[in-house]
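These numbers come from the heavy atoms of this one structure, side chains and all, not from hydrogens, waters or symmetry mates. Note that the structure is a prediction, hence the values are computed from the model and not measured. Read the numbers this way: they start at 1 and go in the same order the structure lists the ligands and their atoms.
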Amino acid sequence: MEKLVITGKTHLKGEVTISGAKNAAVAILPATLLIDGICTIDNLPNISDVKMSCKILEDLGAKITWNTPNEITIDTRHINKTVASEELTRKFRASYYMIGSMLGRKGAITVGMPGGCKLGARPIDQHIKGFEALGATVEVSQGKITATASELTGTSIYMDVVSVGATINVMLASVLAKGTTVIDNAAKEPHIVDVANFLNTMGADIRGAGTDVIKINGVEKLTGNSTYSIVPDQIEAGTFMLAAVASQGDILIKNCISKHLESLTAKIIEIGGQVEDYGDSIRVKMDKRPSKATIKTLPYPGFPTDLQPQMGVTLSIAEGTSRIIESIWESRFQYTEELNKMGAQITAQGKTAFFEGVSSLYGSPVYASDLRAGAALIIAGIIAEGKTEVYNLEHIDRGYENIEEKFRKLGAKIERVEE
Ligand code: EPU
């Protein structure tokens with residue numbers, strides 16, 4: 001078993017370059033199934049969720065060539081199966097995008113029930129509602145999902161909840177459908193815009209992505225033969241912004257889109273940090289303990305749930321008592337128990353947690369319960385006095401490329417060791 005051994009207390013300083021967005025990449029890879037041709041994807045984060053997506057595609061008959069660690073060429077001309085590997089699809093959440101893509105490509109697919117971070121109930125009723133509205137039949141039984149459609153026909157779909165996954169999945173299924181599909185109450189995250197941009201580059205006709213009404217005019221086929229570069233990961237950028245604040249450091253975050261981080265930037269300024277916005281890079285500086293704050297997670301452009309644990313560490317050492325309301329996921333405060341082992345004073349109950357700020361954290365062995373909890377515990381180790389060991393790295397490796405190397409370049413004393 002691997003663990004990260006971190007010796008604190010470090011003020012992070014220097015520059016970091018952000019990778020491509022995980023949550024865009026894991027949707028764009030299945031979207032290549034709609035092409036029936038060849039395309040190249042660049043700025044692909046080299047993370048385990050991406051490698052798993054590639055394995056599922058290869059198992060379905062795609063040919064993938066790794067041109068560099070961050071660029072692949074995919075040939076999806078010879079897709080010859082309609083049953084995806086159950087073992088692989090169960091391993092991560094975004095495997096559900098195989099459903100929308102394969103419905104569009106072959107009119108049929110069976111996948112294992114998607115896995116992913118354990119953040120409480122993760123229903124997919126809105127995905128199913130969308131597929132059925134387009135004319136598909138969806139059956140969920142014995143841990144598998146089977147979707148079939150002899151024909152998909154565009155229609156209007158109102159999403160009962162704002163869902164990133166359902167918005168993208170229905171968009172995927174609609175690209176080659178007959179007529180026009182309108183998704184109302186759509187999610188607006190930057191990765192939704194990125195998936196739409198990718199599909200449009202390949203010949204789709206999607207309008208309005210990034211607003212809450214997306215219109216997809218079905219086209220006969222996608223053309224491929226293009227290169228697409230994935231958008232920078234706003235959550236990775238936000239993780240380093242908060243690492244700068246929590247460690248009282250000074251970090252220039254390169255290859256990011258500052259517009260995607262406005263809710264975080266506003267909170268960082270509110271708690272006493274300095275933010276210099278250069279558009280495609282952001283410098284964050286902090287020279288004192290943060291002040292207290294109240295945060296509520298919301299769909300984009302609200303404060304992202306995927307930065308809530310990293311903000312939680314930051315507020316654990318703030319002056320005064322802060323409050324975080326998690327309104328997206330039921331169980332996203334599991335990291336607070338680990339932080340309490342390090343001397344934090346956090347009380348979490350249901351969807352609210354109170355952070356009574358302490359002046360310092362102390363090193364301890366801690367366990368990542370999920371991806372963003374893992375990132376938060378690394379920041380905690382960097383700002384704590386003494387030695388911290390972070391376990392369950394498989395969660396962190398799902399979504400952060402070379403994370404310890406990036407932190408090491410900023411001055412962190414962090415090593416990955418085999419136990
Ligand atoms: N929901 C439903 N029904 C559905 C779908 C969602 O009730 O059919 C509810 C969920 O229970 C949740 C809310 O709607 O309360 C939002 O869920 P959403 O569908 O937006 O989440 P997701 O698509 O499963 C993606 C990211 C998550 C991120 C959320 C919210 C991917 C692969 N995952 O999940 O990322 O937290 O959006 O922004 O894109 C992460 O990267 O660490 C991560 C967990």
Side-chain angles (χ1 to χ4, degrees), residues 19-31 45 47-50 52-53 89 91-100 113-133 138 140 145 157-172 183 185-195 212 230-231 233-239 260 263-264 297-311 325-332 334-335 351 368-376 394-401 403:
S19 299
K22 166 184 97 87
N23 289 342
V26 294
I28 286 173
L29 288 168
I47 52 176
S48 70
D49 270 11
V50 159
M52 270 192 282
S53 288
T89 47
K91 281 194 177 149
F92 69 123
R93 194 76 197 155
S95 59
Y96 53 35
Y97 293 135
M98 299 291 160
I99 308 175
M113 198 54 110
C117 288
K118 306 240 174 320
L119 309 171
R122 297 189 75 172
I124 55 162
D125 56 300
Q126 297 303 303
H127 303 236
I128 295 174
K129 169 178 151 168
F131 297 146
E132 287 178 342
V138 184
V140 183
I145 306 170
I157 299 158
Y158 184 89
M159 294 288 172
D160 300 330
V161 291
V162 178
S163 160
V164 171
T167 302
I168 293 178
N169 231 343
V170 173
M171 201 160 79
L172 291 170
I183 307 174
N185 200 23
K188 297 181 278 207
E189 271 68 1
H191 29 290
I192 290 169
V193 180
D194 208 42
V195 178
D212 54 10
I230 289 182
V231 71
D233 195 313
Q234 109 243 35
I235 302 301
E236 190 196 7
T239 300
H260 294 165
S263 61
L264 175 63
T297 64
L298 288 169
Y300 187 82
F303 191 92
T305 173
D306 293 345
L307 287 173
Q308 185 263 102
Q310 302 88 314
M311 181 54 109
I325 303 143
E326 170 58 57
S327 65
I328 310 291
W329 300 119
E330 281 170 3
S331 332
R332 212 169 202 175
Q334 296 167 72
Y335 71 95
K351 291 197 159 186
S369 54
D370 58 75
L371 169 60
R372 308 303 172 187
E394 66 281 5
H395 292 302
I396 301 169
D397 294 338
R398 284 191 28 229
Y400 287 94
E401 179 173 355
I403 191 160

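For the pair D370 and Y335, the minimum side-chain heavy-atom distance is 4.5 Å or more. No side-chain heavy atom of W329 sits less than 4.5 Å from a side-chain heavy atom of Q308. With a 4.5 Å cut-off on side-chain heavy atoms, I124 and N169 do not count as touching.
The contact set between ligand 1 and Q126, taken as ligand atoms under 4.0 Å from a residue heavy atom, comprises 3 (N), 4 (C), 8 (O). Near G165, meaning under 4.0 Å from any of its heavy atoms, are these atoms of ligand 1: 19 (O), 23 (O). For ligand 1 and H127, the ligand atoms under 4.0 Å from any heavy atom of the residue are 8 (O). Ligand-side atoms of ligand 1 in range of Y96: 22 (P), 23 (O), 24 (O), range being under 4.0 angstrom from any heavy atom.
Distances shorter than 4.0 angstrom occur between a heavy atom of R332 and an atom of ligand 1. Note on ligand 1: G399 sits outside its first shell, no heavy atom being nearer than 4.0 Å. Ligand 1 lies nowhere less than 4.0 angstrom from a heavy atom belonging to F92. Heavy atoms of K22 approach ligand 1 to within less than 4.0 angstrom. Contact annotation: W329 has at least one heavy atom less than 4.0 Å from an atom of ligand 1.
Using the six-membered ring where Trp is involved, Y96 and H127 have ring planes that are tilted, between 30° and 60° apart.
Across every non-hydrogen atom of I235 and P304, the tightest pair is CD1-CB, 4.0 Å.
Of all the heavy atoms of V164, the ones lying under 4.0 Å from any atom of ligand 1 are found in both the backbone and the side chain.
Heavy-atom proximity to atom 9 (C) of ligand 1, evaluated over T167, D306, V161, is greatest for V161. The heavy atom nearest to atom 6 (C) of ligand 1, considering only P123, G302, G130, A24, is found in P123.
Geometrically, ligand 1 and S163 share a nitrogen or oxygen pair separated by less than 3.5 Å. At under 3.5 Å, not a single nitrogen or oxygen of A94, backbone or side chain, sits near a nitrogen or oxygen of ligand 1.
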### Query
When you look at Y400 and T239, which way does the side-chain hydrogen bond (donor to acceptor under 3.5 Å, both in side chains) test go after all the steps?
CA-CA 10 Å; Y400 287 94; T239 300; 2.8 Å; yes
### Query
What do the steps show when you test K22 against D233 for salt bridge (charged side-chain N to carboxylate O under 4.0 Å, His left out), and what is the final call?
CA-CA 7 Å; K22 166 184 97 87; D233 195 313; over 6 Å; no
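With sequence neighbours left out, the salt bridge (Lys or Arg N to Asp or Glu O under 4.0 Å) criterion links E189 to no other residue. Partners of D194 by salt bridge (Lys or Arg N to Asp or Glu O under 4.0 Å), not counting sequence neighbours: none found.
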